[in-house]
A.B. asks: 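Pasting in a structure now, in structure tokens, and then I'll have a few things to ask.
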Amino acid sequence: MKITSIVSAAVLGSALLALPALAAEPIVGNWKTASGETAAIASCGGSFCITVKTGKNAGKKIGTLSGAGESYTGEVTDPDNDKTYSGSAAVTGKQLKLKGCVLKVLCKSQTWSRL
């Protein structure tokens, strides 16, 4: 009986340690951008920050998004010209569809793939 209690406690402890990984937002992680670079999306101050990890813009923060589940909104910056746009993102499986707009009329979209 004592061994069963120890095994049960160990299994429960392992399950509790795994909960944060299961609860992670779908947007968090590394993504291959439309230009072939890698971008990382991570939690930052209650939002999600997008940072370029590879290529000529490595280390540059290019966006901040808020939301949960599959839908996010915020701002995205084109790293080549430093222009910032109203943005949105949607996670579908292993794809992230980003959209940036000026005045909600002139919009550009990209699809990124999870690495």
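All heavy atoms count here, side chains included; hydrogens, waters and symmetry mates do not.
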A.B. asks: Test of understanding: with side-chain hydrogen bond (donor to acceptor under 3.5 Å, both in side chains), list the residues that count as partners of Q110, not counting sequence neighbours.
C.D. replies: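 Q110 satisfies side-chain hydrogen bond (donor to acceptor under 3.5 Å, both in side chains) with W112 only.
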A.B. asks: Which pairs, with at least one residue in residues 38-81 and sequence neighbours excluded, count as a disulfide bond (SG atoms under 2.5 Å apart)?
C.D. replies: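 Of all non-adjacent pairs touching residues 38-81, those that pass disulfide bond (SG atoms under 2.5 Å apart) are C44-C49.
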A.B. asks: With sequence neighbours excluded, tell me which residues meet side-chain hydrogen bond (donor to acceptor under 3.5 Å, both in side chains) with T51.
C.D. replies: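 Partners of T51 by the side-chain hydrogen bond (donor to acceptor under 3.5 Å, both in side chains) criterion come out as none, since no residue qualifies.
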A.B. asks: Checking K60 now: which residues fulfil side chain to side chain contact (heavy atoms under 4.5 Å, CB included) with it, not counting sequence neighbours?
C.D. replies: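 K60 satisfies side chain to side chain contact (heavy atoms under 4.5 Å, CB included) with N57, I62, P79, D82 once adjacent residues are dropped.
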A.B. asks: Output all residues satisfying side chain to side chain contact (heavy atoms under 4.5 Å, CB included) with E70, sequence neighbours left out; order by chain, then residue number.
C.D. replies: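 None.
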A.B. asks: Could you work out, with side-chain hydrogen bond (donor to acceptor under 3.5 Å, both in side chains) as the rule, every residue matching K99, not counting sequence neighbours?
C.D. replies: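 Partners of K99 under the side-chain hydrogen bond (donor to acceptor under 3.5 Å, both in side chains) test: none.
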A.B. asks: Tell me, which pairs form a disulfide bond (SG atoms under 2.5 Å apart) where one or both residues lie in residues 51-91, sequence neighbours left out?
C.D. replies: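 Not a single pair qualifies under disulfide bond (SG atoms under 2.5 Å apart).
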A.B. asks: Applying salt bridge (Lys or Arg N to Asp or Glu O under 4.0 Å), which residue pairs with at least one partner in residues 33-56 are found, sequence neighbours left out?
C.D. replies: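 Every salt bridge (Lys or Arg N to Asp or Glu O under 4.0 Å) pair that includes a residue of residues 33-56, provided the two are not neighbours, is K56-D80.
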A.B. asks: Closest heavy-atom contact between T64 and S47?
C.D. replies: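 Scanning both residues, the minimum pair turns out to be CG2-CB, 3.7 Å.
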A.B. asks: Going from CG on L115 to NZ on K94, what distance comes out if it is rounded to the nearest 0.5 angstrom?
C.D. replies: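 One finds 10.5 Å between CG of L115 and NZ of K94.
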A.B. asks: Considering only residues two or more places apart or on different chains, which pairs with a residue in residues 63-103 satisfy disulfide bond (SG atoms under 2.5 Å apart)?
C.D. replies: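 Listed by first then second residue: C101-C107.
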A.B. asks: Let me confirm one number: the CD-OG distance from E75 to S66, rounded to the nearest 0.5 Å.
C.D. replies: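 Output value for this atom pair is 10.0 Å.
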A.B. asks: Looking at every non-hydrogen atom in both residues, tell me the closest pair between G87 and V76 and how far apart they are.
C.D. replies: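 Here G87 and V76 meet closest at CA-CG2, 4.3 Å.
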A.B. asks: Quick one: side-chain hydrogen bond (donor to acceptor under 3.5 Å, both in side chains) partners of T73, sequence neighbours excluded?
C.D. replies: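 Residues passing side-chain hydrogen bond (donor to acceptor under 3.5 Å, both in side chains) with T73: none at all.
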A.B. asks: With sequence neighbours excluded, what pairs up with A89 under the side chain to side chain contact (heavy atoms under 4.5 Å, CB included) test?
C.D. replies: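 For A89, the residues satisfying side chain to side chain contact (heavy atoms under 4.5 Å, CB included) (neighbours in sequence not counted) are I27, L65, Y72, L96, L98.
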A.B. asks: I need the full list of side chain to side chain donor-acceptor pair (under 3.5 Å) pairs touching residues 83-93, with sequence neighbours left out, sorted by first then second residue.
C.D. replies: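 For residues 83-93, and leaving out neighbouring residues, the side chain to side chain donor-acceptor pair (under 3.5 Å) pairs sorted by first residue read T77-T84.
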